[in-house]
Protein chains: 4
Amino acid sequence: MNGFELRKERKRESIRHAAMELFGTYGFGKVSIKDIARKAGVSHVTIYNHFNSKEELVNDVVRTEIERLVEKSREIIDSESDFLEKMNLIRFSKVGLASRYNGEVMKAAINNSPETYEYIDKLWREKINKLLVELIEEGRRKGYISSDISQEAMLLYFDMIRAGAFASVETLDRIKIDAKLADDLNRLFLYGLIDKKD
Amino acid sequence: MNGFELRKERKRESIRHAAMELFGTYGFGKVSIKDIARKAGVSHVTIYNHFNSKEELVNDVVRTEIERLVEKSREIIDSESDFLEKMNLIRFSKVGLASRYNGEVMKAAINNSPETYEYIDKLWREKINKLLVELIEEGRRKGYISSDISQEAMLLYFDMIRAGAFASVETLDRIKIDAKLADDLNRLFLYGLIDKKD
Amino acid sequence: MNGFELRKERKRESIRHAAMELFGTYGFGKVSIKDIARKAGVSHVTIYNHFNSKEELVNDVVRTEIERLVEKSREIIDSESDFLEKMNLIRFSKVGLASRYNGEVMKAAINNSPETYEYIDKLWREKINKLLVELIEEGRRKGYISSDISQEAMLLYFDMIRAGAFASVETLDRIKIDAKLADDLNRLFLYGLIDKKD
Amino acid sequence: MNGFELRKERKRESIRHAAMELFGTYGFGKVSIKDIARKAGVSHVTIYNHFNSKEELVNDVVRTEIERLVEKSREIIDSESDFLEKMNLIRFSKVGLASRYNGEVMKAAINNSPETYEYIDKLWREKINKLLVELIEEGRRKGYISSDISQEAMLLYFDMIRAGAFASVETLDRIKIDAKLADDLNRLFLYGLIDKKD
DNA sequence: AATGAATGAGGGTTCATTCAT
DNA sequence: GATGAATGAACCCTCATTCAT
């Protein structure tokens, strides 16, 4: 990347950043291109020069965000920690990543145009789920996870928990603040609602 | 209710119905009053005559939907079934209720304007959570649920699972179609991800 | 008028009354038929049954108001008072009549649709000006008013003073409250701005 | 002002001009933004780009108009003419300025929304009345105006005459056409209605 | 005679996007 | 490459008026 392209990429990044924050706070639908332009300190037409439409900007922002999440998860999975430890880290890493605006971004993404949703969903499955499958496989190999529950169900379960946690910023905030609550939830996630007696 | 009021309520219901379907499919923000009017086969002004603004229509639709859900849940909880049975029924009843548009409606509701969100959230907590608390209490009394996990965490867990399931129509559809999947998820929900070896 | 027509006229009067107050407070344009109906405690369609359109209602209200003013002025002019006394009374009677809403009604009338304006203007000339001409003639006969100023100019002058006073409610209020101010204005009206020395 | 700003100001001016004419003819309330856009030959959105709302456009138009009036009056008052001459010029200058749409603009302004009215009223008092006070003071110093009539009353009198003259376009037209009428009115204004016999 | 239901026309405003400089 | 100007489409909402009971 020469100086030219570097400057260009820097401007793109600053637009993306402004967009990300606004999308996170107000949702995709409520944020206008002009809002983003104002926050990024450029003309709104400049946004069209760099990204071709609002939809492309949204896609770009979301892709970037997911890639960051993938990177983080990758590190955890490839680390030397124990399986249960990784499981916690993954879930906490997500939660950790999900600072105020992250949760909102995902939440908004879910509710966007069908096309955008398809796009995000595909990305998610290709990248995040691939990582989770690896983790689950490790769990099975090490005997933590019973093999009579399908991988599909586990992925879905993971997804549901994740979507549930991300559905409300308030939820995330409560989890982050209240350690006992986080611990309880983790236990429910790992060992279920029912008290196995005997 | 005399003839006048009956016809009026019928018209209100038909508008609500059209609104419900559209909100469910496209989300609150994407559906205009005129869209609803077209679908309901009335002038859009008629909608304003019956509901005073878009926000009031949204609230009305959501309230109605939640009330239906409450009623259904109430029946289950008050029934004579065994606790685990009730648990399943509740979860299935929700899922069952959540035909295509139901899931979307809730999904959209989550993502709406702060005011509307507050409104829904309050309704939810007052009505649905009250029912769940009853059920959890019953679980505890009957020894199914360990008492060292806070009620708060359990409600949140329930909520997360629910929000997660409702987050994607596709998810709901898969659950409804695939009995093995539904069963696996139920086991994960009740007994957790980790295989307790003993 | 039999009982039937009496009840009918009473209803018309109550609608007129509600309309008058609202027009006075908010101006013709800002008051809707439904506003009037609400205030009069009838259905808005009832207004259409009694008056055929908003314009006709406006005309009716204005006509009524002017007729009241004419009646009051007539009494003054036909009274036994001295000319200057009558002059004062007329001006004060107008001002007196112009309690908050009267001034506004006239003000609003001036700014209404061309047709309505024409209508009011015609009424005004036919009724109020006719009275003023009588009064001016009396002034001339009794030697108060010089005859080398045209009647037309005097009428216009009167009109300007009246329109000016009515243009702002605030003005009317100040005049009513401040006796010295009222007196000064009267002197300016009768003897002019310039101090005739000699 | 560079080329950019010049073109911008020109467009603003053309919109203002179209708005002014329409407001003058039909009143603020009756003229829609789209009407103005049509007359100015631009999209109605362009108006929103230059002025932010209808209210701001109205305020801008009125401010501009008053500023023009102030400028003209300032010239007269600062000139070398005799006091009575200035008095006439001022009144005629106003009348002269009040070509068809001017009178209507003021008339409409009087009847507008409370906020806009407040705004105009303040401007008027700060600018126009300040000039009049200067003129009245000059009249007093030079012995034309008796000092036992309060300044307040004189300003109000001036205002009433002005408002009266401006209340009806027809009035202004008659004054402009008929020299004898203008002269008579001037005499009434300066020397009053009553023939002071000595 | 009185009313609630229903509507077409229109008002102010915002937005994503294109044009011209 | 960056920008201000311009716009068509759409949105929420209100109003005077007519229809059906």
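What you see below is based on every heavy atom in this structure, not just the backbone, and it leaves out hydrogens, waters and symmetry mates.
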Among residues at least two apart in sequence or on other chains, which ones pass side-chain contact (heavy atoms from CB on, under 4.5 Å) with [X]?
X: B/Lys34; answer: B/Ser32, B/Arg38, B/His44
X: B/Ser43; answer: B/Val45, B/Thr46
X: C/Lys8; answer: C/His50

Within this structure, what is the [atom1]-to-[atom2] distance between [X] and [N], rounded to whole angstrom?
X: A/Asp35; N: E/dT14; atom1: CG; atom2: P; value: 11 Å
X: D/Ile47; N: E/dT13; atom1: CD1; atom2: C1'; value: 12 Å
X: C/Lys11; N: E/dA1; atom1: NZ; atom2: P; value: 12 Å
X: D/Phe28; N: E/dG12; atom1: CZ; atom2: P; value: 13 Å
X: B/Asn49; N: E/dG4; atom1: CG; atom2: C1'; value: 9 Å
X: D/Ile33; N: E/dT14; atom1: CD1; atom2: P; value: 11 Å
X: A/Tyr48; N: E/dA16; atom1: OH; atom2: P; value: 6 Å

Looking at residues at least two apart in the chain, or sitting in another chain, which of them share a side chain to side chain donor-acceptor pair (under 3.5 Å) with [X]?
X: B/Glu67; result: none
X: C/Asn49; result: none
X: C/Arg7; result: none
X: D/Glu13; result: D/Arg16, D/Arg68

Paired stretches of DNA chain E - 3 or more consecutive Watson-Crick or G-U pairs, each distance under 3.5 Å: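 Detected stem regions: E:2-21 with F:2-21.
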4.5 Å side-chain heavy-atom contact, B/Leu57 and B/Ile33: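 They are in contact (side-chain heavy atoms under 4.5 Å apart), so the answer is yes.
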Residue mapping more 5' on DNA chain E - nearest nucleotide basis, B/His50 or A/Ser53: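 Looking at DNA chain E, the more 5' nearest nucleotide goes with B/His50.
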Start and end of the DNA chain F segment that chain D contacts, any atom under 4.0 Å from a heavy atom: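 Terminal contacting nucleotides, 5' to 3': F/dA5 to F/dA9.
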Touch class at under 4.0 angstrom, heavy-atom based, for A/Lys8 against every strand present: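 Result for A/Lys8 = nothing.
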Ion pair check, D/Asp60 and D/Arg12, cut-off under 4.0 Å: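 Yes, this pair counts.
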N/O (side chain, A/Lys30) to phosphate O (OP1/OP2, E/dC15) under 4.0 Å: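 No, A/Lys30 has no side-chain N/O under 4.0 Å of OP1/OP2 on E/dC15.
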Listed once per pair and sorted, the salt bridge (Lys or Arg N to Asp or Glu O under 4.0 Å) pairs that draw on residues 41-50 of chain C, sequence neighbours left out: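 Passing the test, one end in residues 41-50 of chain C: no pairs.
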Of D/Val42 and B/Val31, the one whose closest DNA chain F nucleotide lies more 5':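 Whichever sits nearer the 5' end wins; that is D/Val42.
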So which protein N/O to nucleotides 8-10 of chain E N/O distances come out below 3.5 Å?
none

All salt bridge (Lys or Arg N to Asp or Glu O under 4.0 Å) counterparts of A/Lys11, not counting sequence neighbours: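 Counting only residues at least two positions away or on another chain, A/Lys11 forms no salt bridge (Lys or Arg N to Asp or Glu O under 4.0 Å).
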